[in-house]
Amino acid sequence: HQADIAALLEPVYLESEHWEQLYSLLQLRLDLEEDEIDILELRRRLAQLSLEQMGQPVQALQWFGEAFRLDPGDDGLLGQMNSLAAETGEYAHLHEVLLDVAIGLDDADRKIELWHRSAVLVEEQLGDVSQAETIYELILDEDSDNVPALQNLDRILVAQERWTDLEAILEREIELVEYDNERVALLLRLGELLRDHLHRLEDAIGAYNRALDADDTHAGALAHIADLYRDTEQWSELASTLRRRVDNAERDEERLDHLREMALISEQMLENVEESIELWEEILQLAYDDLDAIRNVQRLHRAEGNDES
């Protein structure tokens, strides 16, 4: 009987614009309703009534949230909630709805989408970076290859200077990137992390070598690995790397700098005078009037007991 009475009263309240009475009536109908489709429609009506006739945006947000729990695929409801959360500042409520709905979904893609929305909201609007991190980890539990979640964790870990945790995230990103230039950029970051923050120089060399496997002429990787070979006094490896830099250099000035260093390494560190002479002579082929090269060629020939000086 209550449902029949409500059905009779509803048009009366609509006609007379008695919104509070209509609101109470719709709540009564909702309490009595068992059909899920009708429940969803009543929740939508309560939301619209709250927003458009009663001027209650917070209340409207709550009802749109209740409707969204029944119809989580409706982007229109999601848009309404986003707008009302921005208007009212009730981001915490929206966050709660998104999390609750996502957890109960069987649709993995929609679940991940809602988790992403929730993570962005909780970090940017509520300032809870820890909660955002937890949500990104939930996404990776559902989809271990989710690149946006990895990228956001990467960003958070960098900001917090959590270098040990960052290493694992970078490695996962490296595995998943599609293009070599993206892989090289991540490997350079990994090398920097290992070198500057974790102080594992040999592992840093390995990272830079992996970058060179993807792009064997990459100037940055060659420069970084050369620096590490100097720091670790790996002279043969440094000489080989400098030769690659000579071959890839665009200007003679760069070639000459690398060749000079190679010549000194060959003489002083590798004790290979003959190789050093050849390198100084190679310099003279590029710069025939280089006095330093001329003097070194003469000096080394004399040291070797040659008459060519």
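Values in this document were obtained by computation on a predicted structure and should not be read as measured data.
In this structure, Leu259 and Leu286 have side chains that are in contact, with non-hydrogen atoms separated by less than 4.5 Å. Side-chain atoms of Leu30 and Trp63, non-hydrogen and from C-beta on, do get closer than 4.5 Å to each other. Tyr136 has its side chain within reach of Arg155: a pair of non-hydrogen atoms, C-beta onward, lies under 4.5 Å apart. The shortest distance between side-chain heavy atoms of Glu237 and Thr232 does not fall below 4.5 Å. Looking at heavy atoms from C-beta onward, His301 lies out of side-chain contact with Asn296 at the 4.5 angstrom threshold. Annotation: side chain of Val147 is not in contact with side chain of Glu173 (no heavy-atom distance under 4.5 Å). Within the 4.5 Å cutoff, no side-chain heavy atoms of Asp154 are placed close to those of Leu150. The shortest side-chain heavy-atom distance between Trp163 and Leu166 falls under the 4.5 Å cut-off.
No continuous path of hydrophobic side-chain contacts links Phe64 to Ile39 [ILVMFWY only; heavy atoms under 4.5 Å]. Hydrophobic clustering (side-chain heavy atoms under 4.5 Å, transitive across Ile, Leu, Val, Met, Phe, Trp, Tyr) groups Leu256 together with Leu291. When hydrophobic clusters are built by joining Ile, Leu, Val, Met, Phe, Trp and Tyr residues whose side-chain heavy atoms come closer than 4.5 Å, directly or via intermediates, Leu25 is grouped together with Leu40. Residues Ile174 and Leu198 fall within the same hydrophobic cluster, defined by Ile, Leu, Val, Met, Phe, Trp and Tyr side chains chained together at heavy-atom separations under 4.5 Å. Side-chain heavy atoms closer than 4.5 Å link hydrophobic residues (I, L, V, M, F, W, Y) into clusters, and following such links, possibly through other members, connects Leu114 to Leu126.
Taking each heavy atom of Ala204 and Gly191 in turn, the nearest pair found is CB-O, 3.6 Å. Scanning all heavy atoms of the two residues, the minimum distance from Ala102 to Lys111 falls at O-CE, 3.1 Å. For the residue pair Ala47 and Ala60, the shortest heavy atom distance occurs at O-CB, 3.5 Å. Shown here for Leu300 and Ser276, the closest heavy-atom pair between the two residues is CD1-OG, 3.5 Å.
Between Arg172 and Glu175 there is no salt bridge, since no side-chain N of the basic residue sits under 4.0 Å from a carboxylate O of the acidic one. Asp290 has a carboxylate O that lies under 4.0 Å from a charged side-chain N of Arg260, or vice versa, which qualifies the two as a salt bridge. Salt-bridge formation is not detected for the pair Glu261/Arg245: no Lys NZ or Arg NE/NH1/NH2 atom is positioned less than 4.0 Å from an Asp or Glu carboxylate oxygen. Glu113 has a carboxylate O that lies under 4.0 Å from a charged side-chain N of Arg117, or vice versa, which qualifies the two as a salt bridge. By the 4.0 Å N-to-carboxylate-O rule, Glu33 lies too far from Arg43 to be salt-bridged with it.
The structure places CG of Leu42 at 10.0 Å from CG of Asp35, a figure rounded to the nearest 0.5 Å. Between the CZ atom of Arg302 and the CZ atom of Arg299 there is a distance of 8.5 Å, given to the nearest 0.5 Å. Note that CZ of Phe68 and CG of Leu94 are 9.0 Å apart. Values are rounded to the nearest 0.5 Å. Once rounded to the nearest 0.5 Å, the distance linking CD1 of Ile277 with CD of Glu282 reads 14.0 Å. Within the model, atoms CG of Leu84 and CG of Leu51 stand 5.5 Å from one another, a figure rounded to the nearest 0.5 Å. To the nearest 0.5 angstrom, Glu182 atom CD is 11.0 Å from Leu176 atom CG.
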Evaluate the criterion side-chain contact (heavy atoms from CB on, under 4.5 Å) for residue pair Leu140 and Leu153; output intermediate values, then yes/no.
-> CA-CA 10 Å; Leu140 291 171; Leu153 279 177; 3.4 Å; yes
Would Leu212 and Arg244 satisfy side-chain contact (heavy atoms from CB on, under 4.5 Å), going step by step from the backbone distance to the final call?
-> CA-CA 11 Å; Leu212 290 169; Arg244 294 173 72 175; 3.9 Å; yes
Candidate pair Gln59 and Ser50, rule side-chain hydrogen bond (donor to acceptor under 3.5 Å, both in side chains), full reasoning = CA-CA 6 Å; Gln59 184 172 278; Ser50 298; 2.8 Å; yes
Are Met269 and Leu238 close enough, and set up right, to give a side-chain contact (heavy atoms from CB on, under 4.5 Å), and what steps lead you there?
-> CA-CA 11 Å; Met269 304 304 175; Leu238 175 56; over 6 Å; no
Step-by-step salt bridge (Lys or Arg N to Asp or Glu O under 4.0 Å) determination, Arg189 to Glu192 = CA-CA 5 Å; Arg189 287 186 57 208; Glu192 180 183 355; over 6 Å; no
Derivation and outcome, side-chain contact (heavy atoms from CB on, under 4.5 Å), residues Leu222 and His218 | CA-CA 6 Å; Leu222 287 168; His218 193 282; 5.9 Å; no
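Residue-environment remark: CD (Glu274) stays at or below the threshold of 12 foreign heavy atoms within 6.0 Å.
Remark: Arg183 pairs with Asp180 by the side-chain hydrogen bond (donor to acceptor under 3.5 Å, both in side chains) rule, at least two apart or across chains.
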Indicate every side-chain donor-acceptor pair of residues 75-82 with a distance under 3.5 Å to a residue at least two apart or in another chain.
from  : atom 1 : to     : atom 2 : distance (Å)
Asp75 : OD1    : Arg110 : NH1    : 3.0
Asp75 : OD1    : Arg110 : NH2    : 3.0
Asn82 : ND2    : Leu78  : O      : 3.3

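Pairs passing the side-chain hydrogen bond (donor to acceptor under 3.5 Å, both in side chains) check and including a residue from residues 201-211, sequence neighbours excluded, read Glu171-Arg210, Arg195-Tyr208, Arg200-Asp203, Glu202-Gln234.
Asp215 and Thr217 are linked by a side-chain donor-acceptor pair at a separation below 3.5 angstrom, with hydrogens and angles left out of the test.
Within the 3.5 Å criterion, the main-chain N or O of Ile139 finds no donor-acceptor partner in the side chain of Asp143.
When the options Gln131, Glu90, Gln125 are evaluated for a side-chain hydrogen bond (donor to acceptor under 3.5 Å, both in side chains) with His95, the one that passes is Gln131.
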